[in-house]
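Each chain gets a letter, A, B and so on, in the order the sequences are listed, and its residues count up from 1. Scope of the values below: all heavy atoms of this structure, side chains included, with no hydrogens, waters or symmetry mates.
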There are 2 protein chains.
Amino acid sequence: MPAEHLDETATAILSAASRRFLHYGYGKTTMSEIAKDCNMSTGNLYRYFPSKLDIAEMFVRVLRGEQVENLRAVLQMSDRSPAEKLRDFFLLKFKIAYDRFHDKPKAYELSSELLSQRPQVAVEWENAEGRVLSEILQMGTVAKTFAIDDFAGTTKILQDAAYRFTSPAVFHEGEFEALAIELNGVIDLILDGFAFRAARKWGSENQISKAQAN
Amino acid sequence: MPAEHLDETATAILSAASRRFLHYGYGKTTMSEIAKDCNMSTGNLYRYFPSKLDIAEMFVRVLRGEQVENLRAVLQMSDRSPAEKLRDFFLLKFKIAYDRFHDKPKAYELSSELLSQRPQVAVEWENAEGRVLSEILQMGTVAKTFAIDDFAGTTKILQDAAYRFTSPAVFHEGEFEALAIELNGVIDLILDGFAFRAARKWGSENQISKAQAN
DNA sequence: CGATTGAACGGTTTATATAATAGTCAAATT
DNA sequence: AATTTGACTATTATATAAACCGTTCAATCG
C-alpha cells in the first residue's frame with residue numbers, strides 16, 4: 001500500500017502522471033498522455049496500476065505521506081515541551097493545509113475527487129496523523145503535564161476541536177493570520193483543560209504554575 | 001430584514017414558495033408556479049420580492065430565526081448551571097443541524113445554495129448564535145464558574161472548536177450517537193479549560209471541586 | 001393613477017448528438 | 001512464455017440546439 005512497493009516502471013508512470021495532475025488536473029490528464037510520456041502503450045499502464053484512479057490514489061498517498069513525516073518531525077524537537085509540541089503540531093497541520101489549498105489548487109481538487117470515491121484513504125490519513133498526536137499526548141503524560149488515560153479517545157477529540165482549521169472548506173473565509181490566532185486560542189483552551197486535569201490527578205499546585213508558564 | 005416586515009401578500013408568496021422549496025427544492029420551483037399558487041402573475045411577484053433568491057433568503061431567515069429562538073430558550077432554564085447550559089447549547093445546535101440535514105434535505109440544499117451566493121447571511125446567523133453563547137459565558141462569569149474577559153473572542157473560539165459538529169459536510173460519516181459522544185468530549189475539555197482559568201483567577205480550590213462535580 | 005398583467009428578452013439549463021477516453025484483450029513481439 | 005501492443009467497446013465528457021425560466025416593462029385594468 002505505501003509508495004515503496006513500486007518498481008522502476010511504476011515509479012516512472014506515477015512521476016509522469018503526477019506532473020500532469022499538478023499542471024492540468026486529474027480530469028484533463030488522459031491515460032494515453034501518461035503512456036506517451038513513458039514511451040509505452042495505454043494497455044501496458046494497466047499492468048502497473050489497476051485504474052487511473054489508483055494512480056491518483058498513489059499520488060495522494062505520497063503527498064500525504066510527506067505531510068505526516070513533516071508532522072512527525074515535531075515529535076523530535078527536544079527543546080519543545082509536550083504542550084508546545086501540541087501547538088506546533090496543529091499550527092503546522094493548519095499551515096500545510098492552508099498552503100496546499102492556496103498554491104496547489106490542482107492537488108487540492110485531485111484530493112477532493114479521490115476522497116469522494118475512496119473515503120477510506122481519508123480515514124487512514126487521519127489515523128496516521130492521530131498516531132503522531134497520540135505520541136505527543138503520551139510524552140505529556142510521562143512528563144505529568146497532561147493526565148490522559150484514553151489516548152485514542154482524546155486524540156479524536158483534539159482532531160474534532162481543530163477540525164475547522166484543517167478543513168479547506170473554510171479557508172477562503174479568512175486570512176492566514178486571523179485563522180492562526182483563532183487556532184492558538186483553541187489550543188490555549190485545550191491546554192488549560194489538560195492542565196486542569198493534570199492538577200486534579202497529580203494534585204499539586206506547581207502543575208498549575210507550570211502550565212501557566214507555557 | 002426580519003420576517004416581521006412582510007405584509008399579507010408577501011407572506012402568502014413566501015408561504016407558497018416555502019411549500020414548493022421544501023417539496024421540490026429551489027431549482028425545481030419556478031416563479032410561475034409560485035405566482036399560480038398565489039393567483040397572480042409572475043410580474044407581480046417582483047413587487048414584493050426583488051428576485052427569486054430573495055424569497056429563498058427570507059425562507060432561510062425564518063428557519064434560522066426559529067433555530068436561534070430554540071437556542072435562546074436554553075438561557076432560560078433556571079435549573080441548569082452555566083456549564084450545563086453551554087453543553088445544552090452545543091448539543092441542541094448539533095441536533096438541530098443533524099436533524100435538518102437528514103430529514104429536510106431540500107432545505108439543506110437550499111441553505112447551501114443561498115449561502116454560496118449570500119455569504120453575509122451566514123455571518124449574521126453565526127453572530128446571532130454567538131450572542132446567545134456570549135450570554136451563557138457572562139452568566140458563567142457572574143457565577144464565577146468561568147473567568148472570561150474577552151467575551152467576543154472566547155465566543156469565536158468556542159464556535160471554532162465545535163465547528164465539526166455544526167458543519168453538515170461531516171454528518172454522513174458517523175451516526176448521531178457516536179458524534180454526540182465526541183461532542184460531549186470536546187465540551188468536557190473546554191469546561192475543564194474554563195475551570196482551570198477560573199481557579200487561576202479566583203484562586204480557590206473549591207472552584208476545582210465545583211467544576212469536577214459537574 | 002397606482003396596481004397588475006403577460007408577452008418578450010436574454011441568460012441558463014436541459015436534451016441530444018457527437019467526440020473522446022478509460023479500460024479490455026487477442027494478437028504480436030521480445 | 002512473459003511482455004507489450006493497439007484496435008475495440010462501453011462509458012463518460014463535450015459540443016450544439018432546443019426548451020425553459022427569471023426578469024423586465026409597455027400595455028391593460030380597476
With a 6.0 Å cut-off on ring centres, are F94(B) and F176(B) close enough?
yes
How many Å lie between CD1 on I34(B) and P on dG22(D), as a whole number?
8 Å
Value in whole Å for how far the C1' atom of dT3(D) lies from CG of L45(A)
14 Å
Mind checking ring-ring contact (aromatic ring centres under 6.0 Å, His included) for F59(B) and listing every partner two or more places apart, or none if nothing turns up?
F21(B)
Whole angstrom value for the distance that separates P of dC21(D) from CZ of R20(B)
12 Å
Is it the case that S41(B) and N44(B) place a side-chain donor and acceptor less than 3.5 Å from each other?
no
Grab the CD1-C1' distance between I55(B) and dT23(D) for me, whole Å please.
12 Å
Should the pair R87(A)-D188(A) be classified as a salt bridge under the 4.0 Å nitrogen-to-oxygen rule?
yes
Is there any salt bridge (Lys or Arg N to Asp or Glu O under 4.0 Å) pair reaching into residues 62-77 of chain B, and which pairs are they, with sequence neighbours excluded?
R72(B)-E135(B)
So does R118(B) pair up with D54(B), basic N to acidic O under 4.0 Å?
yes
Let me have a per-nucleotide readout for nucleotides 8-26 of chain C, 5' to 3', with B, S or -, counting only protein heavy atoms under 4.0 Å.
------S------SSBB--
Within the 4.0 Å heavy-atom criterion, would you say F49(A) contacts the bases, only the backbone, or no part of the nucleic acid?
nothing
